[in-house]
Amino acid sequence: MLRLVLARTAAAIPTLFAIVTLAFFVMRLAPGGPFDSERGLDPEIMKNVQHAYGLDLPLYKQYGLYLWHLLHGDLGPSLHWRDFSVNDIFKVALPISMQIGAEALAFALLVGVPLGMAAAIRPHGIVLWLARIVTLCGIAVPAFIVAPLLQVGFGLNLRWLPVAGWDDGDWRHQILPVFTLALPQIAVILRLTQAAMRDTLSAPFIRTLRAFGLPSSHIYLHAFRGACLPVLSYLGPAAAGLLTGTVVVETIFSIPGLGRYFVDGALGRDYTIVMGTVVTVAVFIIVFNLLVDLAYGLVDPRVRHD
Amino acid sequence: MEEPAILSFDDLHVRYGAHEAVKGVSFDLARGQVVAIVGESGSGKSQTVLAAMRLLGPDALVEGKVLFEGKDLLRLPGKELNAIRGRRIAMIFQEPMSALDPFVPVGAQIAAVLRRHMDLSRAAAKTRAVELIDLVGIPEPTRRAHAYVHELSGGQRQRVAIAMAVSCNPEILIADEPTTALDVTVEARILDLITELKTRLGMAMIFISHDLGLVRRFADQIHVMRAGEIVESGPAHRILTAPEHEYTKMLLAAAPRAMNRAPQKDAPVLLEARDLSVHFSLRGGLFTTPKKVKAVGHVDVTLRQGQTLGLVGESGSGKSTLGRALLKLVPASGYISFEDRDLSPLNRAAMRPLRRKMQLVFQDPYGSLSPRMTIGDIVTEGLRVHEPHLSRADRDTRAAQALDEVRLDAVLRYRFPNELSGGQRQRVAIARAMILKPKLVVLDEPTSALDRSVQADILDLLAKLQSDHGLSYVFISHDLSVVRAMAEEIAVMKDGRVIEHGETADILTHAKDAYTQGLIAAATLKALQVA
């Protein structure tokens with residue numbers, strides 16, 4: 001197990017390096033710069049500002065410096081939110097995004113897995129229809145349509161929940177964004193669970209359990225153990241999907257999380273914020289996939305890492 | 001034997017839509033009796049017992065009655081049925097790898113059944129499970145109880161399944177082809193175990209098999225099934241010695257007979273290999289060095305024109321690898337000559353003109369034919385490479401001839417493999433090899449995936465092709481009873497080495513090695529001494 005962790009960490013370094021390099025240069029290919037504005041700065045001032053942030057250096061030097069600082073855990077100063085470093089901003093924004101993401105993932109699992117199991121065990125009637133509707137909506141309707149509909153319905157018409165904002169994480173502010181974020185994940189997890197459960201239930205070892213008179217509860221429990229493997233391996237991509245999902249959801253609900261800083265940063269050519277987000281998300285996805293692999297070994301003895 | 005039946009099947013039907021898999025099966029099982037149901041694949045024998053235990057899928061429509069102590073199993077409420085399943089009627093399935101739960105240690109699987117039916121505490125069930133694992137002859141039972149299915153050998157898996165089946169002292173044991181997936185020597189030991197436990201625990205048994213020879217040792221009553229119907233029933237010795245139905249006679253005759261062919265020592269040598277070894281390297285991880293595994297070690301082979309060399313051994317013994325190495329299909333070290341020409345220095349391009357003289361027929365006629373090509377295209381594919389000047393019409397004629405030679409209707413060349421039976425497909429695979437007029441054919445378990453009666457036809461065909469064209473065969477099989485029908489010489493392989501090599505008659509009568517003797521015993525078990 002330790003060997004797996006070490007090997008994967010070693011393999012992550014070139015991956016991260018490639019991502020950082022690609023993001024750095026692609027970012028600079030985009031026209032415009034962080035200090036462009038409609039009025040235009042005085043050339044003298046512009047020069048000074050650029051110099052202050054090291055943007056007047058040749059590109060390869062900027063790249064080298066960025067890597068050097070990154071190695072020391074320093075994501076650099078924000079170019080847009082002056083006087084704040086990217087590290088300062090992320091210290092506040094990252095926990096918010098992670099909280100929404102984790103809640104959405106938990107919600108998606110709590111709804112998707114049982115509903116998928118039920119739809120596989122009783123493939124008819126109301127459960128199956130419910131599963132179909134949820135799947136269809138979750139996959140077909142994008143977040144930027146779901147979110148405004150929820151805002152209008154629950155915020156403006158019923159006035160049960162706030163339309164937007166964060167209010168230091170008050171629970172009422174979390175419900176709509178978390179639901180919006182979770183909906184597509186529910187759909188995928190439901191489908192995966194349903195298909196895997198259906199396959200496992202027709203496996204010969206389940207027939208053996210039946211042939212030995214074991215009760216249905218026991219049989220479903222054992223079938224689920226096999227059926228949860230595809231869901232487990234989806235959690236890696238799901239985490240990635242949730243992180244990109246937060247970009248849209250945080251913007252619509254005006255939540256001061258990583259996603260919103262990313263959007264603002266990209267639009268304002270805040271190079272360091274964008275780079276910081278890319279690096280953070282990449283690290284997060286790599287770590288999450290490793291955790292999923294480790295969990296896989298716990299569930300399935302055939303791939304146990306020793 | 002006028003004891004009242006403990007289980008009786010009364011006009012059982014199983015339908016899948018318009019297809020009727022079981023057409024009115026009736027028979028009785030008395031206490032302590034062994035009833036064998038014998039038939040080829042698709043005869044409905046497994047469907048019959050699965051239907052009785054209500055283990056078929058929802059698309060199966062089951063009619064009739066299955067009475068257990070006067071109660072109809074087909075109409076029993078689920079709770080009552082579950083109290084009988086595993087407790088009073090237990091089952092063993094064919095494929096022990098997939099029939100056991102891959103996620104739960106085997107001891108815990110047995111314990112779960114014990115706790116369900118025997119009202120034992122968790123600890124007591126665990127102890128009893130270890131005792132049972134010991135009872136079925138698995139060494140180190142305490143340690144093995146914690147093993148997962150994939151960590152056990154095929155024989156051990158089936159032993160675990162047997163332990164689970166006898167755990168609650170059932171009155172009836174249903175064994176559905178329990179040894180078909182196993183190697184022959186393992187098969188013999190598993191059969192011994194089942195019959196011993198049967199006697200010790202006084203169980204009645206329904207034993208399902210495709211192999212009449214197998215059931216003769218212990219069956220009291222035999223029912224022969226074909227296309228969903230019982231075509232002949234009777235006491236075992238009567239069925240085996242005086243079969244009445246044509247189909248039973250055919251099944252009995254289908255066991256391959258030894259031909260006792262004498263080797264011709266003056267025939268020219270076609271293929272010679274000296275000190276042939278094959279190594280596979282297992283790819284190492286990021287921080288591990290690759291390991292080398294020896295699949296075949298220092299083997300010498302001589303094959304003369306028109307002769308057959310039988311390669312015998314169990315799965316994993318290296319016989320298939322050796323067969324491929326002889327054709328230079330896997331990299332090997334050592335010396336190989338074909339028609340007095342040294343093959344060792346030849347690369348792939350230089351080998352290509354020789355390839356048409358050295359052909360290969362695989363075991364699995366389902367996997368080895370492309371499902372997207374017509375039979376005609378499959379058979380003539382080699383001609384496109386080796387005789388590119390042929391026109392489309394020429395190739396079509398050659399395909400028809402080739403199919404005719406393997407006794408297939410020439411119109412089949414316009415069909416696709418999935419429209420053919422297993423035996424027909426294997427004929428296609430043979431035609432594909434023969435169309436190039438080879439000198440040497442390596443036959444890798446050519447009949448192992450086929451039913452007994454089809455098997456005999458294929459062997460017959462192979463023998464005729466050999467004498468017509470003066471072919472040399474390397475015949476690979478795990479089954480000595482098949483090999484001895486074909487080969488003048490036999491090499492017995494174990495762990496990548498040839499442990500015994502000689503003329504077929506010598507090997508069969510004077511085997512020196514214990515392993516060979518085990519194989520011979522297993523083969524005799526299958527063969528029938530029918531007058």
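Chain letters run A, B, ... following the sequence lines, proteins first and then strands; every chain starts at 1.
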Would Glu177(B) and Glu95(B) satisfy side chain to side chain contact (heavy atoms under 4.5 Å, CB included), going step by step from the backbone distance to the final call?
-> CA-CA 9 Å; Glu177(B) 303 246 15; Glu95(B) 206 357 286; over 6 Å; no
Heavy-atom distance under 4.5 Å to chain A: side chain of Val149(B), backbone, both or neither?
-> neither
Scan Val25(B), Leu61(B), Leu56(B) and name whichever one has a side chain to side chain contact (heavy atoms under 4.5 Å, CB included) with Val14(B).
-> Leu56(B)
Heavy-atom contact with chain B under 4.5 Å, split by part of Ala203(A) = neither
So which part of Phe103(B) gets closer than 4.5 Å to some heavy atom of chain A, the side chain, the backbone, both or neither?
-> both
Structural part of Ala83(B) lying under 4.5 Å from a heavy atom of chain A = neither
Salt bridge between Arg225(A) and Asp101(B), side-chain N to carboxylate O under 4.0 Å?
-> no
Most chain A-contacting option - heavy-atom pairs closer than 4.5 Å, from Met53(B), Arg116(B), Arg115(B) | Arg116(B)
In terms of heavy-atom contacts, Met91(B) and Ala165(B) come closest through O-CB, 3.9 Å
So which part of Leu229(A) gets closer than 4.5 Å to some heavy atom of chain B, the side chain, the backbone, both or neither?
-> side chain
Partner chain B: residue of Ser202(A), Pro215(A), Ser216(A) with the largest heavy-atom pair count (under 4.5 Å) = Pro215(A)
With only heavy atoms counted, which part of Ile84(B) is less than 4.5 Å from chain A, the side chain, the backbone, both or neither?
-> neither
Between Tyr66(A) and Thr272(A), a side-chain donor and acceptor under 3.5 Å = no
Does any N or O in the side chain of Thr200(A) come within less than 3.5 Å of the main-chain N or O of Gly226(A), such that one atom is a donor and the other an acceptor?
-> no
